[in-house]
Amino acid sequence: MHSPAEAEADACVEDLRVALAAHGITLPSLGVDLPSFASRCPTRPLIALGHCNVLTAKALAAALRKGAV
């Protein structure tokens with residue numbers, strides 16, 4: 001069973017994945033950062049954006065710039 005924090009993190013990852021896909025962007029390593037669940041401090045889990053190539057990074061920057069206007 002997922003905790004509320006796990007469910008929130010999973011939903012956030014999926015929402016971000018869909019939003020990026022709307023701009024033609026895929027981050028293959030996008031996911032919940034599992035070590036953040038192992039923390040002894042009660043914090044929200046981290047979202048790992050992962051590694052991407054230069055073309056993907058440029059596409060992400062362009063989408064963010066476009067959205068900021």
Side-chain angles (χ1 to χ4, degrees):
M1 179 178 254
H2 284 320
S3 72
E6 288 176 275
E8 180 184 24
D10 287 338
C12 181
V13 167
E14 186 57 28
D15 188 40
L16 184 54
R17 188 182 316 281
V18 169
L20 289 167
H23 292 278
I25 299 169
T26 301
L27 295 178
S29 301
L30 180 65
V32 177
D33 178 61
L34 297 179
S36 66
F37 280 109
S39 172
R40 292 179 189 231
C41 300
T43 60
R44 291 182 182 251
L46 299 174
I47 304 301
L49 298 178
H51 302 161
C52 65
N53 62 34
V54 172
L55 292 177
T56 301
K58 286 182 177 183
L60 181 56
L64 290 170
R65 279 193 298 274
K66 182 178 178 182
V69 175

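Every value quoted in this text rests on a predicted model; they were computed, and no experiment measured them. Residue indices begin at 1 and follow the sequence shown.
Atoms CD1 and CD, on Ile47 and Glu8 in that order, are 8.5 Å from each other to the nearest 0.5 Å.
Taking all atoms of both residues into account, the shortest heavy-atom contact from Val32 to Ala9 is CG2-CB, 3.8 Å.
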Name the atoms and distances for all side-chain donor-acceptor pairs under 3.5 Å in residues 49-62, with sequence neighbours left out.
residue : atom : partner : partner atom : Å
Asn53   : OD1  : Leu55   : N            : 3.2
Asn53   : OD1  : Thr56   : N            : 2.8
Asn53   : OD1  : Thr56   : OG1          : 3.0

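Evaluation of the side-chain contact (heavy atoms from CB on, under 4.5 Å) rule for Ala63 yields His23, Ile25 as partners, not counting sequence neighbours.
A continuous path of ILVMFWY side-chain contacts below 4.5 Å connects Leu64 to Leu20, so both sit in one hydrophobic cluster. Grouping the Ile, Leu, Val, Met, Phe, Trp and Tyr side chains by contacts below 4.5 angstrom, directly or via other members, places Leu16 with Leu27.
Residue pairs satisfying the salt bridge (charged side-chain N to carboxylate O under 4.0 Å, His left out) criterion with at least one member in residues 17-30, sequence neighbours excluded, are listed as follows: Glu14-Arg17.
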